[in-house]
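Worksheet for the structure shown next.
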Amino acid sequence: MNNKLTAVVDLGSLKAKLMVFDTQTLDVILQKSYLTLFGKSISEEGIVVEEALNRLDEALLFIKDELASLNCVDVKFIATESLRVAKNTEEVYLVVEKYFPDHNVTILEQGLEGEMFFRVVSRCFANQPIVTMDVGGGSVQILHGTFQNDRNQHSIHNKYLYKPGTYK
């Protein structure tokens, strides 16, 4: 078992994205994505359709094999807009449970999703105001702020949260 490796699986509105990184060096070891089309496949009633669940099932099989080949057992699951609006999240959780027993899926609130993106990107532009834009398949987050390197502190001045197709 490799205790230094952690995997994050992001169940997004278009793809399931896998990132494995070394927790000591923060190096990315593996990064892949698998098309699920959750957002496109949500019915008008808010149900993730069987076809998307089948694509997730196939993706998680590949992800499980990838993680086994790396001896990575520390896995975190997050989800974004498609599962924020889906009415049948339990069906999604059952597919995850099939391959990753006892793993929970954390559905990120849209503002937190944007803040996480901002916190990573802003470190590359220390001590200067920046605007980040995270455009996903189901939501868009635009944040304005700074990262103060001397204090190791992020300051978010403005936050704008949208759905694709909205205009402001």
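This structure is a prediction, so every number in the text was calculated from the model and none was measured. Starting from 1, each residue takes its place in the sequence as its number.
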Apart from Met19 itself, residues in the same hydrophobic cluster as defined by side-chain heavy atoms under 4.5 Å: Val28
dist Ile142:CD1 -> Tyr162:OH (nearest 0.5 Å) comes out at 5.5 Å
Can you see which heavy atom on Ala7 is nearest to which on Leu18, and at what distance? CB-CD1, 4.1 Å
Please check if Val140 and Val131 belong to a single hydrophobic cluster, counting links between Ile, Leu, Val, Met, Phe, Trp and Tyr side chain heavy atoms closer than 4.5 Å. yes
Would you give the length of the straight line joining atom CD1 of Ile47 to atom OG1 of Thr89, rounded to the nearest 0.5 angstrom? 9.5 Å
Separation between CG (Leu83) and OG (Ser13), nearest 0.5 Å, reads 7.5 Å
Any donor-acceptor pair under 3.5 Å from Thr23 side chain to Lys4 backbone: yes
Got a sec: does the CD of Glu51 have more than 12 other heavy atoms crowding it under 6.0 Å? no
By salt bridge (Lys or Arg N to Asp or Glu O under 4.0 Å) - contacts of Arg84 (at least two apart): Glu81, Glu113
Are any non-hydrogen side-chain atoms of Phe21 and Val8 less than 4.5 angstrom apart? yes
Show the numbers, then the answer: is there a side chain to side chain donor-acceptor pair (under 3.5 Å) between Asn152 and Arg123? CA-CA 9 Å; Asn152 195 31; Arg123 287 181 174 274; 3.1 Å; yes
Using side-chain contact (heavy atoms from CB on, under 4.5 Å), reason through Leu60 and Phe77 one step at a time and then give a plain yes or no. CA-CA 11 Å; Leu60 290 178; Phe77 286 87; 4.0 Å; yes
Answer yes or no: does atom CD of Glu58 have more than 12 heavy-atom neighbours from other residues, nucleotides or ligands under 6.0 Å? no
Could you grab the distance from atom CG of Leu143 to atom CE of Met116, nearest 0.5 Å is fine? 12.5 Å
What residues, two or more places apart in sequence or in another chain, satisfy side chain to side chain donor-acceptor pair (under 3.5 Å) together with Thr25? Asp27
Counterpart residues, side chain to side chain donor-acceptor pair (under 3.5 Å), relative to Asp150 (two or more places apart): none
Atom pair CG (Leu67) and CG (Leu5), whose distance is rounded to the nearest 0.5 Å: 9.0 Å
Backbone of Arg55 reached by a side-chain donor or acceptor of Thr36 within 3.5 Å: no
Nearest heavy-atom approach of Ser82 to Phe38 is OG-CB, 3.5 Å
Would you check if Phe118 and Asp134 make a side-chain contact, meaning some heavy-atom pair closer than 4.5 Å? no
For Pro129 and His144, work out which heavy atoms get closest and say how close. CB-NE2, 4.2 Å
Output all residues satisfying salt bridge (Lys or Arg N to Asp or Glu O under 4.0 Å) with Lys17, sequence neighbours left out; order by chain, then residue number. Asp10
Ala126 and Asn149: which non-hydrogen atoms are nearest, and at how many Å? CB-CB, 3.8 Å
Hydrophobic cluster identity match, Ile107 and Val9, side-chain contacts under 4.5 Å: yes
Passing candidate, side-chain contact (heavy atoms from CB on, under 4.5 Å) with Leu11, options Val96, Ile78, Thr106: Val96
Between Val92 and Tyr34, is there a shared hydrophobic cluster once you connect ILVMFWY residues whose side-chain heavy atoms come closer than 4.5 Å? yes
For the pair His103 and Phe100, name the ring-plane relationship: parallel under 30°, tilted 30 to 60°, perpendicular over 60°. perpendicular
Please list all pairs meeting salt bridge (charged side-chain N to carboxylate O under 4.0 Å, His left out) that have one or both residues in residues 96-107, counting only residues at least two apart or in different chains. Asp57-Lys98
For the hydrophobic clusters of this structure (ILVMFWY residues joined by side-chain heavy atoms under 4.5 Å, transitively), does one cluster hold both Val49 and Ile42? no
Are Ile156 and Phe117 linked, directly or through other ILVMFWY residues, by side chains that come within less than 4.5 angstrom of each other? yes
Answer yes or no: is there a side-chain heavy-atom contact under 4.5 Å between Lys159 and Gln141? no
Would you compute the distance between atom CD of Glu109 and atom OG1 of Thr80 and round it to the nearest 0.5 angstrom? 12.0 Å
Going through the checks in order, is the side-chain contact (heavy atoms from CB on, under 4.5 Å) test met by Asn127 and Gln148? CA-CA 5 Å; Asn127 304 316; Gln148 297 164 339; 4.2 Å; yes
Quick check: does any side chain N or O of Gln153 sit under 3.5 Å from a backbone N or O of Thr146, one acting as donor and the other as acceptor? no
